[in-house]
Amino acid sequence: MEAKTIEQMPTQYDALNIEKEIYRFWEENNLFKADEKSSKPPYTIVIPPPNVTGVLHMGHALDGTLQDILTRYYRMSGYEALWIPGTDHAGIATQNVVEKKLREENKSRFDLGREKFLELTWKWANEHKGAILNQFKRLGASFDRSRERFTLDKGCNEAVKEVFVRLYQKGLIYKGAYIVNWCPRCCSAISDIETEYETEMGSLWEISYPLKNESGAIVVATTRPETMFGDVAIAVNPNDYKYKDLVGKKVVIPLTGREIPIIADDYVDKSFGTGAVKITPAHDPNDYEVGKRHNLKPIWVIDENGKMKTNGYVPQELQSLDRYEARKKTIEMLKVQETLLRILPHEHNVGKCQRCNTTIEPLLSEQWFVKMKPLAKQAIEAIYKNEVKFIPDRWEKNYLSWMENIRDWCISRQLWWGHQIPAYYHKETGEMIVAKENPNPEIYKQDEDVLDTWFSSGLWPFSTLNWPDIDNVDFKKFYPTTTLVTGFDIIFFWVARMITMGYEFTDKAPFSTVYIHGLIRDESGQKMSKSKGNTIDPVQIIDKYGSDALRFTLTSLNTYGGQDIKISDERFEYGRNFANKIWNASRFILINISDVDRKAIDNDKLTIADKWILNKLNETVKIFNDNIKAYRFGETAHVLYEFFWNNLCDWYLEISKVQLNDQKISMNTKRVLKYVLDSTLRLLHPIMPHITEKIWQLIPNVKNNENDALIRANFPIYIDKNSYPKESKEMEIVFETIKSLRNLRQSFNISVGVSIDIIIDAVENELNIFKSIEAYIKRLAKVNEISYDLGKLENKKCANCVVSNSKIIVPLNNLINFEDEVSRQNKKLLKLINEKKSLEARLNNEKFMKNAAPALIEQTRKRISEILSQETVINDLIKNLK
RNA sequence: GGGCGUUUAGCUCAAUUGGUAGAGCGUCUCCCUUACAAGGAGAGGGUUUGGGGUUCGAGUCCCUAAACGCCCACCA
């Protein structure tokens, strides 16, 4: 990396260029690569693979930032950290994009044929492949691209086939005809969770079906009159006296005249509509069940494209009409026939295709399914056994309720882009073979359907580590992975399936922790989407504010509860300003420590201020380590911000100006500055990697050898000897005093240029402390002279300040509150005694003892004994003080 | 219908076994003080959505009401 002198460093941080330079430095030195032969414990994260043709959005930026923070943190903390990047072929989404392009040329995929279409899609995917991961690079992602994977690559393909065949052989994959959610636009089945329901205002049409060979009719209510041609019965509730006599009789379908029976079934709700339901097994899931119970053969009247079929069941004038056109026309025709009795407004939920928002059509068709119940067992136990932990844990409930009510998973899609199902049919006999390879392509034809995209994503944690080759070094070293970071919107789609498949095929949970972050929303809380036009492009934010700024802002917004995150462009100023502060504070330190020696800090020469900042740093280190292990990202960012800005910059750097001018301690102060800067950059590095690496490289004598880099430096840990609680408390006196003086100065409107003396009225023991910190006070409160006046003012506690002739006479008690240690400890003691009292009252409360969880009772007892021992300690302390 | 989340300063949000309500932005005052005006020093601003309860003590626990949001299920 090109070294620049400090003088060349501008006063404004140039994020754009420095970030590029630093990322290149890491890449060229192979610093992201994980060593599978390392003896360090592994720390593994797999990226939630973004769509291969996708572009980076804020969700990725958040997700990626958190994963990178973890990876960098553990890499610096003695782990062999591996973050595996990769992309998803995203079946429907990608195919849609390519088909759209074809449509612009007035072509469909069928014009090209499967082979040509796939060729085109591969070309498109390959062209875009890597684009999104290159955008992740702008984020500073330290993933190991030598291990980059794609859900359709050879290895993943191998894993998919292996899994499919094994599940089939175990009877956990089956093929059969069921009602599925059919998207007429995608022309494919989709799974239950790919169907989203929207409340729509529709109508309830009441249609009269005349009885056969006698007068009278039965009236049914329907929301979908166009399906009436597929009716196979009219059902009524067996206990409905209204229709008792009609059961068993036949009615005639208006417009076509086909005869259907009236049947009785519990499914029918007497009180809804007319109490009579038309049964259309081919186009409604409930009707399908009813039809099955009554042995009624389904009749298809709508085809795969959502058009009315051309068969004998559908009236001629409706054939091959779009379903909605057909509905209109059906109603018109019924009106003419006077069999349409009433139209009632009716609100109902309509299923929509998640991908294209087309209203789905329940359609009876032959599909492949995974039997989920047996597979879910271990995935459910995983939570109870604590082998998989969700953070925040409320998502465990959500996960469990879904897993415990899981339904079979429809995995076949009538698409071309994806993993073609490894089932082969004998061209003549139709015999089916499920195997990884076609036994004989001359005789057997492969199933034309492909698998749901999430089928391959579900194998991602181990397919990326070369499973099914379980003896390979990567799998052995890095599986199971450690943490999964993702949004709650794909818990069912992805997380649940990975856990299920992980247990089934590796006998282990694929990761031990699932960290669920909130969703990124716009300023007004709306979900960001291209169609709404409210998206904020992370790459643009990076261009404008810098990657570290983006990362810091996003990190700071992560709350413990995983709330959704509202962002706006301006929010990134927070991170940018912080980066700039880091830049300038570092410039100050670097300018002043250019001649620092290599010696360690001389502890004998430490001032009270040195000890205070070392103590603060040490505390910050502890909080950081605790927080990151508890996934408290937002708090971690805030703690660093506060330490850097409010402690280091606002106080210590100002104080250091005093110390640097004092020859006796100047060099030691430089050592402290260097140490603090070095440690702070290490602390900040996981969140703000570029700026910290850049500055760290400029610290004199920080590297042991030329190739050292911050990214691989050791992460700070709490050090006992850097703990100075006593001095830290005394230092607070300095701050209180200075703040009070600043306050006075402002309220008496004393400008800086005027020379003022301050007479401090203090008693002797206070005076000693005061004299030791005088220099700091003078400088930071901009006071020229401080003189002391022992015991001059009477009744100090209520005395007021006297200002005259540029002199301020200040009773010390107005500046600082010297609380004596005994009363402080007594206060503490009182608090503890009160707490103990309430806890004991709790234990004596019958109701509580009866109803409270045993753990809580145990906890209460523990706390009481804790208090008891603390009481003893404090009592002893008070005795000694007296 | 079932479940979950949210409600705290003008705005956006923090506050891990109950213990003095905090930050950023915005507002007001002063300051180009030799790292930083993307900065510095100060100030103001809160009956923590309403009601009830437990407790010495409640933003936090319990009950209840309301508003907003999300997930699941779904009767034509």
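Protein chains get the first letters and strands the later ones, always in sequence-line order, with residue 1 at the start of each.
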Asker: Would you say the side chain of A:Glu654 and the base of B:A35 hold a donor-acceptor pair, judged only by whether the two atoms sit under 3.5 Å apart?
Answerer: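 Answer yes: a donor N or O sits under 3.5 Å from an acceptor.
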Asker: If I pick the P atom on B:G18 and the same atom on B:C74, what distance separates them, to the nearest angstrom?
Answerer: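 Nearest-Å result for B:C74 against B:G18 at atom P: 40 Å.
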Asker: Paired with B:A43 by Watson-Crick or G-U wobble geometry, both distances under 3.5 Å: which nucleotide is it?
Answerer: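 Answer to the pairing question: B:U27, which forms a Watson-Crick or G-U pair with B:A43.
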Asker: With a 4.0 Å cutoff (strictly under), does any side-chain N or O of A:Lys397 reach OP1 or OP2 of B:C4?
Answerer: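 True: A:Lys397 side-chain N/O within range (under 4.0 Å) of B:C4 OP1/OP2.
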Asker: May I ask you to verify if any side-chain N or O of A:Thr559 is less than 4.0 angstrom from the OP1 or OP2 atom of B:A14?
Answerer: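 The answer is yes; a side-chain N or O of A:Thr559 sits under 4.0 Å from OP1 or OP2.
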Asker: Quick test of your reading of the model: are A:Asp393 and A:Lys389 salt-bridged, counting only N-O distances below 4.0 Å?
Answerer: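 Looking at A:Asp393 and A:Lys389, the cut-off is not met.
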Asker: Please give the distance between the C1' atoms of B:G40 and B:A35 as a whole number of Å.
Answerer: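 The answer is 12 Å between these two C1' atoms.
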Asker: Can you check whether any acceptor in the base of B:A41 is under 3.5 Å from a donor in the side chain of A:Arg742, or vice versa?
Answerer: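 No pair found.
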Asker: Any idea which of B:A76, B:A38, B:A35 is nearest the A:His348 side chain?
Answerer: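 For the A:His348 side chain, the nearest candidate turns out to be B:A76.
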Asker: Does NZ or CZ of A:Arg576 fall inside the cone over A:Tyr545's six-membered ring, less than 6.0 Å from its centre and within 45° of the axis?
Answerer: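 Negative - A:Arg576 is either too far from the ring of A:Tyr545 or too far off its axis.
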Asker: Of A:Lys657 and A:Ile565, whose nearest nucleotide on RNA chain B comes first from the 5' end?
Answerer: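 Final value for this comparison: A:Ile565.
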Asker: B:C36 base to A:Asn580 side chain: any donor-acceptor pair below 3.5 Å?
Answerer: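 Check fails, no donor-acceptor contact within cut-off.
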Asker: Identify whether the distance between the nearest side-chain nitrogen and carboxylate oxygen of A:Asp569 and A:Lys544 falls below 4.0 Å.
Answerer: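 Answer for the salt bridge query: yes.
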Asker: Looking at A:Gln563, does any N or O in its side chain come under 4.0 Å of the phosphate oxygens OP1/OP2 on B:U6?
Answerer: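 So the side chain of A:Gln563 is within the cut-off, an N or O lying under 4.0 Å from OP1 or OP2 of B:U6.
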Asker: Can you check the A:Asp393 CG to B:G5 P distance for me, whole Å?
Answerer: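 Answer to the nearest Å: 10 Å.
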Asker: At a heavy-atom distance below 4.0 Å, what parts of residues 644-651 of chain A sit against RNA chain B?
Answerer: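 A:Trp645, A:Cys649, A:Asp650 - these, ordered by number, are the residues of the stretch whose heavy atoms sit under 4.0 Å from the strand.
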Asker: Nearest to the side chain of A:Ala221 - B:A76, B:A38, B:A15?
Answerer: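 The answer is B:A76, which lies nearest to the side chain.
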Asker: Using a distance-only criterion (donor-acceptor N/O pair, under 3.5 Å, no hydrogens), is the base of B:A38 paired with the side chain of A:Glu573?
Answerer: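 Flag unset: no donor-acceptor pair detected.
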Asker: From B:U33, B:A76, B:A38, pick the nucleotide closest to the side chain of A:Lys782?
Answerer: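 So the nucleotide nearest the side chain must be B:U33.
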Asker: Give the nucleotide from the list B:A76, B:C36, B:C74 with an atom nearest to the side chain of A:Arg407.
Answerer: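 Comparing B:A76, B:C36, B:C74 against the side chain of A:Arg407, the answer is B:C74.
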Asker: Between B:A76, B:C13, B:A73, spot the one nearest the side chain of A:Lys566, thanks.
Answerer: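 For the A:Lys566 side chain, the nearest candidate turns out to be B:C13.
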Asker: Closest nucleotide of RNA chain B for A:Tyr197 versus for A:Glu635: which of these residues is on the 5' side?
Answerer: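 Its nearest nucleotide being more 5', the pick is A:Glu635.
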Asker: So, OP1 or OP2 of B:A41: does either fall under 4.0 Å of a side-chain N or O from A:Lys739?
Answerer: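 So the side chain of A:Lys739 is outside the cut-off, no N or O lying under 4.0 Å from OP1 or OP2 of B:A41.
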Asker: Taking OP1 and OP2 of B:G40, is either one under 4.0 Å from a side-chain nitrogen or oxygen of A:Lys581?
Answerer: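 A:Lys581 to B:G40 OP1/OP2: side-chain N or O found under 4.0 Å.
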Asker: Counting only N and O atoms by type, is there a donor-acceptor contact under 3.5 Å from the side chain of A:His348 to the main-chain atoms of A:Thr199?
Answerer: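 No, because the side chain of A:His348 does not come within donor-acceptor range (under 3.5 Å) of the backbone of A:Thr199.
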Asker: Taking everything shown except A:Lys527 itself, do over 12 heavy atoms lie less than 6.0 Å from its NZ?
Answerer: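 Open.
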Asker: Please check if the distance between the ring centroids of A:Tyr641 and A:Tyr574 is under 6.0 Å.
Answerer: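 Yes, close enough.
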Asker: Using the side-chain heavy atoms of A:Asn349, tell me which of these nucleotides is nearest: B:C36, B:A73, B:C71.
Answerer: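 When the side chain of A:Asn349 is considered, B:A73 is the closest of B:C36, B:A73, B:C71.
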Asker: Considering the options A:Phe492, A:Phe488, A:Phe390, A:Tyr515, which one meets the ring-ring contact (aromatic ring centres under 6.0 Å, His included) requirement together with A:Trp395?
Answerer: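 The option that passes is A:Phe488.
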Asker: A:Asn592 side chain N/O closer than 4.0 Å to the phosphate oxygens (OP1, OP2) of B:A35?
Answerer: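 Checking B:A35 against A:Asn592, no side-chain N or O comes under 4.0 Å of OP1 or OP2.
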Asker: What I'd like to find out is whether the side chain of A:Ile279 reaches to under 4.5 Å of the side chain of A:Ile234, using heavy atoms alone.
Answerer: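 A:Ile279 vs A:Ile234: side chains apart.
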